[in-house]
Amino acid sequence: MNEDFLKPYDHSQEKDIYNTWEKSGFFNPENLTPSSSSRATHPFSIIMPPPNANGSLHVGHAVMVAVEDVMVRYWRMRGVPTLWLPGADHAGFETQVVFEKKLEKEGTSRFEILKQDGGREELYNQIKAFTLANKSHMEHQVRQLGASCDWSKETFTLDPKIIDTVYETFKKLYDDGLVYRDTRIVNWCTKHQTTLSDLEVKYEERVDPLYYVKYGPITLATVRLETKFGDTAIAVHPNDARYKNLIGKEIEVEAIAGKTKIKIITDEHVDPAFGTGAVKVTPAHDADDYAIWQRHKDEIGGPKEIIDQFGRMSLASYFADTADVMKYQGLKIAEARKQIAQDMQEKGLIEKVDTDYKHNVALCYKCGTVLEPRVLPQWFIDLTKEGNKKLVQPAINAVKNGSIKIVPEFQEKIFFHWMENIRDWNISRQIVWGIPIPAWHKGKEVYIGKNKPEEEGWTQETDVFDTWFSSGQWPTATLRAQSTSGHDLLEEFYPTNVMETGYDILFFWVARMIMLGIYMTGKIPFKTVYLHGLVRDKDKQKMSKSKGNVVDPMGIVEQYGADALRMALLVGNSPGQDASFDEAKVKGYRNFSNKLWNMARFVLTQPEISNDFLHVSDEDKKILERVREVKKEVAGNIEKYRFSQAGEVAYHYVWHEFADKIIEEKKKILLDKDINESEKESAQKVLYTLLLESLKMLHPFMPFVTEAIYQRLPHKNAKFLMVENWEE
RNA sequence: GGGCGUUUAGCUCAGUGGUAGAGCGUUUCAUUGACAUUGAAAAGGUCGCAGGUUCAAUCCCUGCAACGCCCACCA
């Protein structure tokens, strides 16, 4: 027996085991010898959600690796050609935000860098260096978790081949009329100086004063007093009797700077029950008002922009000669509002103030800054007109008709609900860290292409793509990028089997992959979507840096081993359901690793009985039959994505049946001098068989300790447990 | 305003149309031979509440309550 067994199991050997696996080449599907079983003709593939290369892995990544590795290792042992393609995401906006925080700590900002000549390139290069450093750090961590993915095919979202595909898709969308550039009201973050998609807006309920302002004969309620300088009309409901005589007229209004005139229009959208039933229309700074303006373009003036990109009053275009207004010039919104309220109070223009008015405020999901709606030219993907037919409906249909299954099933309802109410997607970002939108402008002309057109006068688009536009093409783009002349991976592995990710990015990512995947290839990108839940802390609180309750998975791996962490994250957790992280649970499974180690130690004290041993007792035959049943149960659960159940069945069998009962009974037989050799040999045969079967069924969950034991067996069928045949 | 999820042992959570499960915790006992990162045993749950379907419901249906989450252009 190997001397290592005289000591407790030492999980620090995980690193060495991983290295030998990786060097063996068995992570790569082309090095696997498919088994002869009929299942082996259908490959198994997973594209790993590429972690953001801007920091360390969090527990969510550990869940992702654990779940995907279970499937991949299981199917590999079934003799199926198995591809698990890893990647890394440049994560445009997210990474730029992380990088800017770093700059802030260093006492500078991106604007300092952008001021210099060639500042844009400089900033890009700095973020690139930062990202690449984090990328290799993160890849190392994915290895530590035991991910048996094919590193030779690792793909980065900024690889030239990925960008080529993204450009090709963009061109196709543009040619099909599914991409358009238009000036519309969009969400603008005054801190980050970029627009955000509707998904990147978080709403928070706040209490603000609601001012009842006198507009001549009308009083109307508003929170945003400061936008009054951008008013172009007042709207009332068409059936509102109170305003019957005023509709369509221009009324004269006493304002801060003397008298002005404003038109009364009607719009179905106005709720007569709110406030006074009259609403000021400020199309440049409010999405609702912009919508009203669009319906009344012919009657009223266009958007008057009176707040700038930094969230400061910018009144010179309309009020340069009016000192009473220009005194607010340059004030931040909140300050301007306060002063205007005060001034209007003094002039008797405010009828009353409702001080505890509750309403939802739109915030930047990253920094919490109040978003300022702005009217800007942006690139959009049409999802409401032609795009609804060509992008949205095919995706809905794929899930409705079962070509794509979402696990857990209830998430399908959530998916449908979002898809059926989807809006056009703003894919423009005004940041540097991202894939540039391949477009050129000359006056109103637009040219789509990577390279500048020959003729004079074209200027390059400066917006970059929303990261999700490129990652939304990930399954297709990666397989295409990694294909070689000998291996068309799209042909071999697309559609992939499973897309495993967190439910929090169902809309951001999964929905878009389905739409774009079908659009690009005519085929669904994956057959099953498995959505894991969020990992919260021990007290069910969301982990966050500010709360200081973030669990570092790598610290846990260091202390208890990746096997223990993986088991703790798998058992007791179900798809789509949040889980809480308890270190005590990890400790329990660390103990299990050692238990298994010692079980092996005991078995290996016994002589190994050759394969052609024929005198298995009837009782032992039952034991061997039973382990096959258990293994089938584990397999069935894995195939049905019930990883918690699968892990628990294996765990329970190995510890509480094999160890506690069978080993104890066989121990008695082996020590009893009155029992004949044949029966002892039968017991020894059983012990060796059960050990091997236990290692196999636990390997997808706890790859390291099972491999460590396998490598110390006197006779091995395969070079690695990782490529042992699951069956026999 | 819509939609979704959860409610099971002290805690964190799995699970099933037919005497209820795991991890941790608690109590008692055992132990120099595989393992104290151990073993044997025990306590502990009218499976949120109220109806219904069924021979049988924790599980299916209806309603309710509490908690949580997502979506939504009411100023």
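Below, all heavy atoms of this structure are taken into account, side chains as well, without hydrogens, waters or symmetry copies.
Looking at A/Trp597, its side chain never comes within 3.5 Å of a backbone N or O of A/Asp10 through a donor-acceptor pair.
If you check every strand for non-hydrogen atoms under 4.0 Å, A/Lys667 touches a base. Base engagement by A/Asn360 is indicated by at least one non-hydrogen atom pair under 4.0 Å involving a base atom. Residue contacts shown for A/His656 are limited to sugar-phosphate atoms, with no base heavy atom under 4.0 Å away. Here A/Tyr357 lies in heavy-atom contact (under 4.0 Å) with sugar-phosphate atoms only. When heavy atoms are screened at a 4.0 angstrom cut-off, A/Tyr651 is found touching the sugar-phosphate backbone but no base atom. Using a 4.0 Å heavy-atom criterion, one finds that A/Val281 contacts no nucleic acid atom at all. Heavy atoms of A/Ile663 sit under 4.0 angstrom from at least one base atom. Residue A/Ala659 is in base contact, counting any heavy-atom pair closer than 4.0 Å across all strands shown. Within 4.0 Å (heavy atoms only), A/Tyr9 reaches no atom of the nucleic acid at all. As judged by a 4.0 angstrom heavy-atom cut-off over every strand, A/Asp271 is placed among the base-contacting residues.
Candidate nucleotides B/A72, B/U37, B/C4 were compared by shortest atom distance to the side chain of A/Lys413, and B/C4 ranks first. Closest to the side chain of A/Lys202, from the set B/C4, B/U37, B/C71, is B/C71. Of the candidates B/C71, B/U38, B/U12, B/U12 carries the atom nearest the A/Ser580 side chain, counting heavy atoms from C-beta on. Counting only heavy atoms from C-beta on, A/Ile414 has its side chain closest to B/C4 among B/A34, B/C4, B/C71. Comparing B/A22, B/C4, B/A34 against the side chain of A/His652 picks out B/A22 as the nearest. Side-chain proximity of A/Asn594 to the nucleotides B/C35, B/A34, B/C24 is greatest for B/C35.
To the nearest angstrom, P of B/U38 lies 10 Å from NZ of A/Lys587. Residue A/Arg601 contributes atom CZ, which lies 8 Å from atom C1' of B/G33 at whole-angstrom precision. Atoms CZ (A/Arg590) and P (B/C35) sit 17 Å apart, rounded to a whole Å. One interatomic measurement links the two molecules: CD of A/Gln411 to P of B/G5, which rounds to 9 Å at whole-angstrom precision. Separating the CD atom of A/Glu633 from the P atom of B/A22 is a distance of 15 Å, rounded to the nearest angstrom. Rounded to a whole Å, the CD atom of A/Glu657 is 13 Å from the P atom of B/A22.
Using a 4.0 Å cut-off between charged side-chain N and carboxylate O, A/Glu268 and A/Arg295 make no salt bridge. Taking 4.0 Å as the cut-off between side-chain N and carboxylate O, A/Lys280 and A/Asp286 do not count as a salt-bridged pair. Using a cut-off of 4.0 Å between Lys/Arg side-chain N and Asp/Glu carboxylate O, A/Arg374 and A/Glu372 are scored as not salt-bridged. One finds a salt bridge joining A/Lys667 and A/Glu664 here, because a Lys/Arg side-chain nitrogen approaches an Asp/Glu carboxylate oxygen to under 4.0 Å. Taking the charged nitrogens against the carboxylate oxygens, A/Asp4 and A/Arg712 do have a contact shorter than 4.0 Å, which makes a salt bridge.
Mapped onto RNA chain B by nearest heavy atom, A/Val586 and A/Val603 fall at different nucleotides, with A/Val586 at the one closer to the 5' end. Along RNA chain B, the nucleotide closest to A/Gly275 and the one closest to A/Arg536 are compared, and the more 5′ of them pairs with A/Arg536.
By the 6.0 Å and 45° rule, A/Lys228 stacks over the aromatic ring of A/Tyr215.
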Nucleic acid footprint by protein, nucleotides 14-19 of chain B - heavy-atom cut-off 4.0 Å, B for base, S for sugar-phosphate alone | SSS---
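B/U32 and B/C11 have their C1' atoms separated by 37 Å, with the value rounded to a whole Å. With C1' as the reference atom, B/G48 and B/G5 are 15 Å apart, rounded to whole Å. For the C1' atom pair drawn from B/A22 and B/G45, the interatomic distance equals 15 Å after rounding to whole Å. Spacing between B/C47 and B/G10 at atom P, rounded to whole Å, works out to 13 Å. With C1' as the reference atom, B/A43 and B/U28 are 10 Å apart, rounded to whole Å. The separation of B/U46 from B/G39, taken at their C1' atoms, amounts to 34 Å, rounded to a whole angstrom. Straight-line distance between the C1' atoms of B/A9 and B/G44: roughly 6 Å, to the nearest whole Å. Going from the P atom of B/U58 to that of B/C71 covers 36 Å, rounded to whole Å.
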Are A/Arg242 and A/Asp240 close enough, and set up right, to give a salt bridge (charged side-chain N to carboxylate O under 4.0 Å, His left out), and what steps lead you there?
-> CA-CA 5 Å; A/Arg242 288 170 291 183; A/Asp240 196 328; 2.8 Å; yes
With side chain to side chain contact (heavy atoms under 4.5 Å, CB included) as the test, would you mind laying out the steps for A/Arg337 and A/Arg224 before giving the verdict?
-> CA-CA 7 Å; A/Arg337 188 180 300 173; A/Arg224 300 205 59 189; 3.9 Å; yes
Apply the test salt bridge (charged side-chain N to carboxylate O under 4.0 Å, His left out) to residues A/Lys214 and A/Glu351: give CA-CA distance (whole Å), side-chain angles for both, the deciding distance (0.1 Å), then the verdict.
-> CA-CA 7 Å; A/Lys214 288 182 195 163; A/Glu351 194 175 287; 5.5 Å; no
In dot-bracket form, how is RNA chain B paired, counting a Watson-Crick or G-U wobble pair only if both its distances are under 3.5 Å and using | for bases paired to another strand?
-> (((((((..((((....[..)))).(((((.......))))).....(((((..]....))))))))))))....
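Residue A/Lys7 places no side-chain N or O under 4.0 Å from the OP1 or OP2 atom of B/C35. In this structure, A/Thr605 does not reach the B/G33 phosphate: none of its side-chain N or O atoms is under 4.0 Å from OP1 or OP2. Under 4.0 angstrom from either OP1 or OP2 of B/U38 there lies no side-chain N or O belonging to A/Trp655.
The aromatic ring centres of A/Tyr651 and A/Tyr589 sit less than 6.0 Å apart. Between A/Phe643 and A/Tyr530, the ring center distance clears the sub-6.0 Å criterion.
Side-chain to base pairing of A/Lys595 with B/C35: one donor and one acceptor N or O lie within less than 3.5 Å of each other.
Using a 4.5 Å heavy-atom cutoff, the side chains of A/Ser593 and A/His11 are not in contact.
A/Asp208 and A/His359 form a side-chain donor-acceptor contact under 3.5 Å, judged by distance and modelled atom types alone. Side chain to side chain, A/Asp466 and A/Asn426 fail the donor-acceptor criterion of an N or O pair below 3.5 Å.
RNA chain B lies under 4.0 Å from no heavy atom of any residue of residues 225-239 of chain A.
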